[in-house]
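The basis for the numbers below is simple: all heavy atoms, side chains too, and nothing from hydrogens, waters or symmetry mates. A, B, ... follow the sequence lines: proteins, then strands. Residue 1 opens every chain.
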Amino acid sequence: MHLPVFLDDQRRLRRLLSSCSATRTLARLHALLIVSSSASHQLLSSLAAAYARAGDLAAAESTLTATAAATATATTTTSSSSSSSIAAWNAIIAAHSRRGSPAAALRVFRALPPAARPDSTTFTIALSACARLGDLRGGESIKDRAYEAGYKDDIFVCSSLLHLYAKWGAMGDAVKVFDRMPRRDRVTWSTMVAGFVSAGDPLEAIEMYRRMRVDGVQGDEVVMVGVIQACAAIRDARMGASVHGHLLRHEMRMDVVTATSLVDMYAKNGLLDVARCVFGLMMHRNAVSWSVLISGFAQNGQLDEALHLCRKMQASGLQADSGALVSALLACSDIGFLKLGRSIHGFILRRFEFNCILGTATIDMYSKCGSLASAQMLFNLIGSRDLILWNAMIACCGAHGQGQDALTLFQEMNKTGTRPDHATFASLLSALSHSGLVEEGKLWFDRMVNDFKITPAEKHYVCLVDLLARSGLVEEANDLLTSMKAEPTIAIWVALLSGCLNNKKLELGESIADNILELQPDDVGVLALVSNLYAAAKKWDRVREVRKLMKDNGSKKVPGCSSIEIHGTRHMFVMEDQSHPQRREIIKKLAKLDLEMRKMGYVPRTEFVYHDLEKEVKEQQLSYHSERLAIAFGLLNTSPGTRLVIIKNLRVCGDCHDAIKYISKITDRGIVVRDAKRFHHFKDGVCSCRDYW
DNA sequence: CTAGGGTTAG
């Protein structure tokens with residue numbers, strides 16, 4: 001057999017192998033080596049490494065396994081031959097990990113033949129595979145092996161160990177390792193910075209950065225991304241901007257990730273113009289960059305702009321990814337834009353698998369746009385449900401007044417083995433409260449504390465106090481407050497106070513109102529409630545006092561504003577707006593309804609009109625509240641039986657609450673009103689959320 | 001052949 005001359009030249013051959021990236025060529029060389037019996041251990045290892053680089057991991061592995069078997073039978077094993085084979089194994093393990101299958105990487109690692117002694121690289125890759133998988137226990141045993149093998153001070157091994165701990169919430173362990181490291185480079189420091197950020201401790205992250213500088217280590221853009229995130233988290237735009245300046249002065253790489261984190265930081269601080277500007281200067285943008293900007297606008301209430309950016313993102317040729325879609329859905333839910341939300345749902349169905357995040361966002365959108373049925377349908381279609389998805393669906397039932405359904409869901413969830421958390425109970429208790437299921441509410445509050453060992457937080461107390469106070473058990477609610485370990489907060493007092501107002505317990509109410517004022521609330525809604533209670537108790541001087549507070553607080557009066565979506569278009573109604581084209585018809589419709597309502601026993605609750613006016617004028621003012629205009633408009637422009645969904649910027653006043661119940665009964669329509677704080681669902685004259693203010 | 005970085009859901 002005629003063989004190429006170079007088969008004898010080991011050095012040339014190895015160079016050839018390392019430059020070859022085509023699997024077919026490698027296979028030919030492999031065959032030649034075997035046929036010519038010139039396959040040395042070293043050559044086969046280089047060949048395996050070349051297979052791994054070329055992406056044929058199976059070939060790489062079988063080559064090495066065969067080599068290892070041959071070595072085991074050989075009489076002599078030199079240390080140099082095993083060290084060259086570990087390099088090939090490392091190439092295989094690293095390729096698995098890079099390729100996105102860390103589990104396969106670990107499988108190969110665990111099955112390493114005894115002749116291949118893992119080195120620093122092997123342990124480093126294996127630990128980072130554990131970090132990807134979240135396998136803390138596996139990482140622990142790899143760490144032990146690495147330490148035994150003498151890599152206790154190896155900066156690569158320690159950094160990947162730090163990352164494993166930091167990523168999975170074991171910051172305590174990370175700090176321990178970090179403290180005893182003899183040498184730390186910027187990767188080590190950046191791991192700690194990022195770790196504290198994701199552990200929700202941005203101040204400690206910034207402190208780490210400071211210590212790094214004191215240590216004389218120069219940061220790079222990766223470290224700075226962590227610091228920028230920390231600035232975003234503590235809402236410190238000034239510090240964020242100075243980091244931005246630092247990046248520019250030191251000519252650090254402004255890559256997509258760095259720029260995106262800056263956009264996010266500015267957006268989270270409400271500096272949307274700056275965010276948009278940084279975004280505009282980016283050389284490359286990807287789906288995440290767009291998502292960050294979009295959700296920035298959405299979260300700052302600039303919903304139209306958020307939706308506009310979604311369209312621009314599409315137009316720029318970028319596939320909207322799940323992050324962008326979540327932001328868009330969020331914008332839809334905030335303004336109750338059901339039609340657009342539905343079309344995004346359709347888009348997801350065509351292009352995506354429903355994962356938990358998308359599913360939760362879509363369900364939440366349907367919930368906030370008033371479509372319980374769509375939310376339920378989608379929920380039933382999603383196979384794998386995580387905690388947050390369950391929580392969203394339970395909250396959705398509660399918001400729509402289906403307390404019993406929420407409870408059923410909760411029990412179903414328990415059967416699947418998903419453990420409820422504090423948010424689950426908050427949703428459940430609020431659902432029970434809004435449906436007036438008092439006994440169940442008390443029962444599950446107890447079980448939360450005793451069986452599930454969840455320490456009740458403020459929101460849980462708010463729900464329970466709300467539940468009791470709504471159903472007239474104001475004294476029992478009051479007793480609950482005295483049994484609390486911590487001092488009741490404003491929110492808790494408010495729940496109790498609104499119960500007092502509804503149940504005409506004015507004496508207790510007055511003392512609670514006094515308590516609230518001592519805590520110096522600056523929320524207009526809270527002050528309005530306090531003032532309403534004083535008004536009900538006819539304490540006019542205190543009413544004036546609170547009104548003055550409201551003015552002094554700079555809480556300028558925002559006009560009430562409601563919107564309703566009809567045939568896919570949103571229509572806005574402002575209280576004092578005279579310009580609507582159908583204004584006359586709307587007023588006529590309201591007058592007609594008013595007559596019928598009064599026949600059924602409706603009495604205008606003029607105590608909700610702030611100004612000192614004649615009774616008739618007050619009554620008229622009430623009937624011009626924006627939500628009523630929107631409802632009348634909806635009645636005029638939809639066919640009988642269609643549900644009306646109204647979104648309002650402020651709270652629905654108690655009088656409108658009453659009125660809507662009657663209107664729902666008279667017209668036999670389901671009416672959903674969502675205001676700044678909560679959801680009200682009216683059907684058959686029953687309202688799921690009986691707040692009277 | 002090796003370690004660190006961005007968003008989004010209740």
Side-chain angles (χ1 to χ4, degrees), chain A residues 18 45 49 52-53 84 86-95 97-98 118-129 131 151 154-164 166-167 185-195 197-198 219-229 232 253 255-265 267-268 286-296 298-299 321-330 333 355-365 367 386-396 398-399 420-424 426-427:
Chain A
S18 61
S45 294
R53 268 195 303 276
S84 66
I86 192 63
W89 284 112
N90 288 343
I92 295 174
I93 301 173
S97 195
R98 262 203 311 274
D119 62 4
S120 148
T121 309
T122 325
F123 289 122
T124 304
I125 310 168
L127 284 169
S128 93
Y151 295 113
D154 186 282
I155 196 164
F156 278 84
V157 170
C158 289
S159 291
S160 51
L161 183 61
L162 278 185
H163 180 220
L164 168 67
K167 187 171 180 186
D185 63 5
R186 59 173 120 216
V187 175
T188 322
W189 286 105
S190 76
T191 308
M192 294 305 283
V193 172
V197 170
S198 59
D220 63 358
E221 72 280 354
V222 181
V223 187
M224 300 324 283
V225 165
V227 181
I228 294 166
Q229 281 179 281
R253 242 157 53 82
D255 56 17
V256 209
V257 176
T258 316
T260 302
S261 69
L262 282 171
V263 173
D264 181 51
M265 183 272 297
K268 282 212 170 83
N286 59 22
V288 179
S289 336
W290 280 96
S291 297
V292 166
L293 191 66
I294 292 169
S295 67
Q299 282 166 3
D321 73 339
S322 74
L325 290 172
V326 167
S327 305
L329 285 167
L330 207 72
S333 17
N355 59 27
C356 282
I357 293 183
L358 270 176
T360 305
T362 312
I363 284 176
D364 191 51
M365 180 276 297
S367 171
D386 70 354
L387 173 68
I388 296 174
L389 185 63
W390 282 104
N391 287 354
M393 196 59 221
I394 291 173
C396 176
D421 68 351
H422 60 101
T424 320
S427 300

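E221(A) comes within contact range of at least one nucleobase, with a heavy-atom separation under 4.0 Å. T122(A) comes within 4.0 angstrom of no nucleic acid atom, judged by non-hydrogen atoms across all strands. If you check every strand for non-hydrogen atoms under 4.0 Å, S322(A) touches a base. As judged by a 4.0 angstrom heavy-atom cut-off over every strand, V288(A) is placed among the base-contacting residues. Within the nucleic acid shown, V256(A) comes within 4.0 Å of at least one base atom, counting heavy atoms only.
With sequence neighbours excluded, the residues satisfying side chain to side chain contact (heavy atoms under 4.5 Å, CB included) with T122(A) are I86(A), N90(A), I93(A), F109(A), L112(A), P118(A), D119(A). Shown here are the side chain to side chain donor-acceptor pair (under 3.5 Å) partners of T121(A), two or more places apart in sequence or in another chain: there are none. Applying the ring-ring contact (aromatic ring centres under 6.0 Å, His included) test to Y151(A) and every residue at least two apart in sequence or in another chain returns F123(A). The side chain to side chain donor-acceptor pair (under 3.5 Å) search around K167(A) returns none, not counting sequence neighbours. Taking R253(A) as the reference, E221(A), D255(A) meet the salt bridge (Lys or Arg N to Asp or Glu O under 4.0 Å) condition, with sequence neighbours excluded.
The two residues L329(A) and M365(A) have their closest heavy-atom pair at O-CG, 3.9 Å.
For DNA chain B, the span of nucleotides reached by chain A at under 4.0 Å from its heavy atoms goes, 5' to 3', from dC1(B) to dG10(B).
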